[in-house]
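Below is one structure; the comments refer to it alone.
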Amino acid sequence: LVRRINVRVVVTYSGTRLAREGARMARRHHSLIMTYRKRIREEVDIPMLQRVLPLGTRLTGLRVEIAKGKTTFLRQPGTYPITAAIQTPLERGEVMDATVVAHRQRSVTVVPRPLDVNAVSMSLLTSVPGVGKRWAARIVLGRPYRDVAELSPLLQEMSEPEALAAALGIPARREKA
């Protein structure tokens with residue numbers, strides 16, 4: 001399986017042969033390269049991430065690498081690991097387990113595993129696809145929950161419950177009789 005195809009852009013350095021002879025060609029083809037890169041992201045990278053790491057996949061031993069604003073980026077130890085993003089600030093070096101809730105162009109969005117619905121922030125809830133401010137508020141206002149199964153009726157009302165159900169480890173929809 002191919003996880004990602006890297007499309008590189010030519011960078012020229014002044015004083016080199018490429019700068020003298022190839023810079024014009026590189027500039028001329030830049031928009032074609034950007035169009036091709038976008039197409040690769042949409043048609044190859046995201047579908048492959050969805051196959052390799054479907055919603056609900058558990059990622060263990062994720063280590064915080066960097067935090068930018070409210071987003072923290074984590075990776076598992078290994079060669080060329082998948083980048084995971086979580087919408088909560090964490091300390092560098094912190095290690096956690098997480099559940100995949102969405103696929104981005106070159107990474108996945110995760111939530112902590114297990115997800116404590118009685119303590120999770122509104123910000124983290126709204127980072128889950130299908131859970132906007134309204135649904136996050138309903139979840140928060142319905143606290144405390146004795147069991148995640150108490151959220152099943154709420155999931156039945158949502159138009160896109162799959163990511164939240166995966167985060168909670170419960171079925172997204174009831175089986176029809």
Side-chain angles (χ1 to χ4, degrees), residues 1 3-4 38 40-78 80-176:
L1 295 174
R3 192 188 90 193
R4 180 169 96 205
K38 182 177 187 270
I40 290 295
R41 295 287 177 262
E42 293 170 356
E43 296 178 17
V44 176
D45 294 351
I46 293 173
M48 187 54 65
L49 279 174
Q50 291 169 337
R51 288 180 61 195
V52 173
L53 298 167
L55 292 181
T57 299
R58 180 180 184 174
L59 297 176
T60 59
L62 289 170
R63 183 173 304 276
V64 174
E65 287 193 345
I66 190 167
K68 290 183 180 178
K70 294 181 180 179
T71 304
T72 301
F73 297 95
L74 312 98
R75 291 183 197 237
Q76 290 175 310
Y80 205 55
I82 300 282
T83 301
I86 188 168
Q87 296 302 311
T88 192
L90 299 170
E91 292 296 319
R92 186 178 174 151
E94 194 173 330
V95 177
M96 66 179 292
D97 293 348
T99 303
V100 174
V101 295
H103 302 91
R104 301 164 77 158
Q105 285 190 349
R106 297 182 307 177
S107 63
V108 293
T109 301
V110 297
V111 295
R113 184 176 183 128
L115 181 65
D116 181 356
V117 292
N118 290 315
V120 67
S121 69
M122 287 275 293
S123 172
L124 190 58
L125 278 173
T126 57
S127 74
V128 176
V131 181
K133 289 181 180 179
R134 188 183 90 178
W135 289 110
R138 285 187 63 184
I139 291 168
V140 169
L141 291 173
R143 292 176 180 167
Y145 299 98
R146 291 184 305 262
D147 188 277
V148 292
E150 290 182 34
L151 289 168
S152 290
L154 186 72
L155 290 173
Q156 302 308 317
E157 296 176 37
M158 294 175 71
S159 60
E160 298 177 39
E162 294 80 15
L164 181 58
L168 297 170
I170 59 177
R173 302 242 186 239
R174 282 187 291 230
E175 298 282 330
K176 295 198 179 194

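Remember, predicted model here, so these are calculated numbers, not experimental data.
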### Gln105 and Ile46, any side-chain heavy atoms less than 4.5 Å apart
yes
### Query
Does a side-chain heavy-atom distance below 4.5 Å link Val131 with Met158?
yes
#### Entry: Value rounded to 0.5 Å, distance of CG in Asp97 from CG in Leu62
7.0 Å
### Query
Just wondering, do Thr126 and Lys133 contact through their side chains at under 4.5 Å, heavy atoms?
yes
### Query
Are the side chains of Leu115 and Thr99 in touch, meaning some heavy atoms are under 4.5 Å apart?
no
### Query
Taking atom CE of Met96 and atom CD1 of Ile86, what is their separation to the nearest 0.5 Å?
4.0 Å
### Message
Quick check against the 3.5 Å criterion: does Arg63 have a side-chain atom that pairs as donor or acceptor with the backbone of Gln76?
### Response
no
### Which residues share a side chain to side chain contact (heavy atoms under 4.5 Å, CB included) with Leu154, sequence neighbours left out
Trp135, Arg138, Ile139, Leu151
### Query
In Å, rounded to the nearest 0.5 Å, how long is the span from CD of Glu94 to CZ of Arg92?
13.0 Å
### Query
Taking only residues at least two apart or on different chains, which pairs with a member in residues 142-154 satisfy salt bridge (Lys or Arg N to Asp or Glu O under 4.0 Å)?
Arg146-Glu150
### Query
Counting distance only, does the side-chain N/O of Ser127 pair as donor-acceptor with the main-chain N or O of Gln87 below 3.5 Å?
no
### Spacing of NZ belonging to Lys38 relative to CD belonging to Glu43, to within rounding of 0.5 Å
9.5 Å
